[in-house]
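Heads up: the structure comes next, in structure tokens.
For ligands, and for the atoms within them, numbers begin at 1 and follow the listed sequence. In this chain, residues are counted from 1 in sequence order.
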Amino acid sequence: MRTRFHTRRTLLCAALSTASLLLTPASFAAEPIVIKFSHVVADDTPKGKGANRFKELAQKYTNGAVKVEVYPNSSLYKDKEEIEALQLGAVQILAPSVSKFGPLGVKEYEVFDLPYLFGSYGDLLKVTQGPVGQKLLAKLTPKGVQGLAYWDNGFKALSANTPIKKPDDLKGKKMRIQSSKVLEEQFREVKAIPQVMSFSEVYNALMTGVVDGTENTISNYYTQKVHEVQKHMTLTDHSYIGYAVITNKKFWDGLPPNIREQLEKAMKEATDYTNRIAQEENDKALEAIRASGKTQIYKPTDAEKLAFKRAMLPVHKKMESRVGADTLQLIYKEINFDPDKL
Ligand code: LMR
């Protein structure tokens, strides 16, 4: 009995020491560092393509020392959960829209939601690459979040099952929005009823009539098939959706410096790529929606656009203290925007 016990113990010790031999530091190093990159849109969008480009480049530049797993379409986390998951370290990279940082306590990002502030991708580039963009990224640090880049999507359209040609056409309509107080105010300003909802729920909510309409970029409309459940879409270009690519700060800081350097290089190239294709992706999506014949696309006249601008512009003043008066004034100056001029 004693002998058998001893034999078993010896075997156990041998197995353990073999295992510890196998698990040398060298073999730990051979295990790739896994980066989970979670997002809520389809692969075939500016962000989806950007994430896949980052994966490809990151793996190439680190010779496989890093493995990037991309989880599109809210397959890992939805809007509400993803930032919390990043802070907890359950996921390493996200690219939430800049309209979704309020719940994290960084409400200044909602400045990007102000209606009719940005007239072009060029305006946005000036802001994201300038002092405001950098100041906003720095505000994430105390939350354990490190900002890596800004990625474009594009300008938004409005949609519903009835035509939207003037601000009054939105009156009384329940409109799905992202979790931003500025967007809430924008719809209140035109007497609509804003309803915050996760992106993954939008299609069903529109189909079942939980909400009447929404706003989004054209590539998001098309890839989520939202155009199939909305009869009318108006190309108001009233504001913008873009992203802050973020990582868990502790994770990023803990990476071996040479690996981090290669990942930064991959991120820089993926950013240039995403920002280069953003407009083209939205243009292609518009043609695809048009070809589907499922929704009526309306391009407002300059006078109609002006009426939307006039109706929504008071949001700037009302939300100034939320987004930060300094930040707003800096942006006005950077892009030469006069809030008193229609
Ligand atoms: C939305 O919720 O409508 C967008 O933020 C989705 C996205 O990531 O583009």
Side-chain angles (χ1 to χ4, degrees), residues 37-52 54 70-83 85-86 91 93-104 106-107 109-113 115 118 121 124 128 148-160 174-184 186-187 194-206 210-211 213-227 229-230 233 236-246 270-271 274-275 277-279 281-282 284-286:
F37 188 153
S38 168
H39 66 82
V40 299
V41 296
D43 274 326
D44 214 11
T45 57
K47 177 161 66 181
K49 289 190 170 181
N52 290 334
F54 171 73
V70 178
Y71 297 90
N73 268 319
S74 310
S75 53
L76 198 55
Y77 297 108
K78 292 188 198 177
D79 287 330
K80 272 195 214 136
E81 314 144 352
E82 64 173 16
I83 295 190
L86 184 90
V91 62
I93 299 188
L94 305 173
S97 116
V98 282
S99 320
K100 292 178 181 166
F101 285 88
L104 181 68
V106 190
K107 54 196 190 321
Y109 273 97
E110 292 177 12
V111 77
F112 289 103
D113 293 327
F118 301 102
Y121 283 99
L124 283 148
T128 55
L148 298 175
Y150 287 101
W151 286 2
D152 278 329
N153 185 337
F155 292 87
K156 287 185 276 189
L158 289 166
S159 70
K174 267 187 260 156
M175 302 296 285
R176 178 269 169 174
I177 57 164
Q178 306 173 79
S179 58
S180 154
K181 295 283 179 220
V182 170
L183 296 179
E184 215 170 295
Q186 168 195 276
F187 279 116
Q195 200 149 321
V196 175
M197 187 179 287
S198 284
F199 185 62
S200 55
E201 287 158 23
V202 176
Y203 177 89
N204 273 328
L206 287 165
V210 169
V211 287
T214 189
E215 56 167 13
N216 222 308
T217 61
I218 312 296
S219 55
N220 278 346
Y221 270 107
Y222 181 62
T223 51
Q224 298 300 314
K225 301 189 186 342
V226 168
H227 64 291
V229 287
Q230 294 276 264
M233 177 185 278
T236 40
D237 290 334
H238 58 286
S239 72
Y240 160 86
I241 291 185
Y243 311 103
V245 187
I246 55 175
T271 299
T274 310
N275 294 347
I277 63 161
Q279 172 147 26
E281 288 298 310
N282 281 294
K284 276 198 296 198
L286 184 63

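Nearest to atom 2 (O) of ligand 1 among the protein's heavy atoms is K100 NZ, 2.7 Å. Nearest protein neighbour of atom 5 (O) of ligand 1, counting heavy atoms only, is Q178 OE1, 2.6 Å. K47 NZ, 2.7 Å is the protein heavy atom nearest to atom 8 (O) of ligand 1. The closest protein non-hydrogen atom to atom 9 (O) of ligand 1 is Y243 OH, 2.5 Å.
For the pair K78 and E201, the salt-bridge criterion is met [side-chain N within less than 4.0 Å of a carboxylate O].
Close contacts of ligand 1 with R176, meaning ligand atoms under 4.0 Å from a residue heavy atom, involve 1 (C), 2 (O), 3 (O). Atoms of ligand 1 found under 4.0 Å from any heavy atom of S97 (numbered from 1 in listed order, with element): 5 (O). The V41 neighbourhood of ligand 1 comprises atoms 6 (C), 7 (C), 8 (O), 9 (O), with distances under 4.0 Å to a heavy atom of that residue.
The residue from T271, T128, N275 that alone fulfils the side chain to side chain donor-acceptor pair (under 3.5 Å) condition with W151 is T271.
In this structure, the side chain of Q224 does not engage the main chain of Y203 through any donor-acceptor pair within 3.5 Å.
Counting heavy atoms under 4.0 Å from ligand 1, residue K78 does not touch it at all. Looking at H39 against ligand 1, nothing comes within 4.0 Å, counting heavy atoms. By the criterion of a heavy-atom distance under 4.0 Å, the side chain of N220, and not its backbone, is placed next to ligand 1.
Across all their heavy atoms, N153 and A278 have their closest contact at O-CB, 3.3 Å. Of all non-hydrogen atoms in S198 and D79, the two that sit nearest each other are CA-OD2, 3.3 Å.
For ligand 1, one of its N or O atoms has an N or O atom of N216 under 3.5 Å away.
We find the OH-CG distance between Y77 and L94 to be 9.5 Å, quoted to the nearest 0.5 Å.
Between Y121 and F155, the two ring planes are perpendicular [angle over 60°; tilted spans 30° to 60°].
For the pair K49/D43, no side-chain contact is recorded, criterion being any heavy-atom separation below 4.5 Å from C-beta on.
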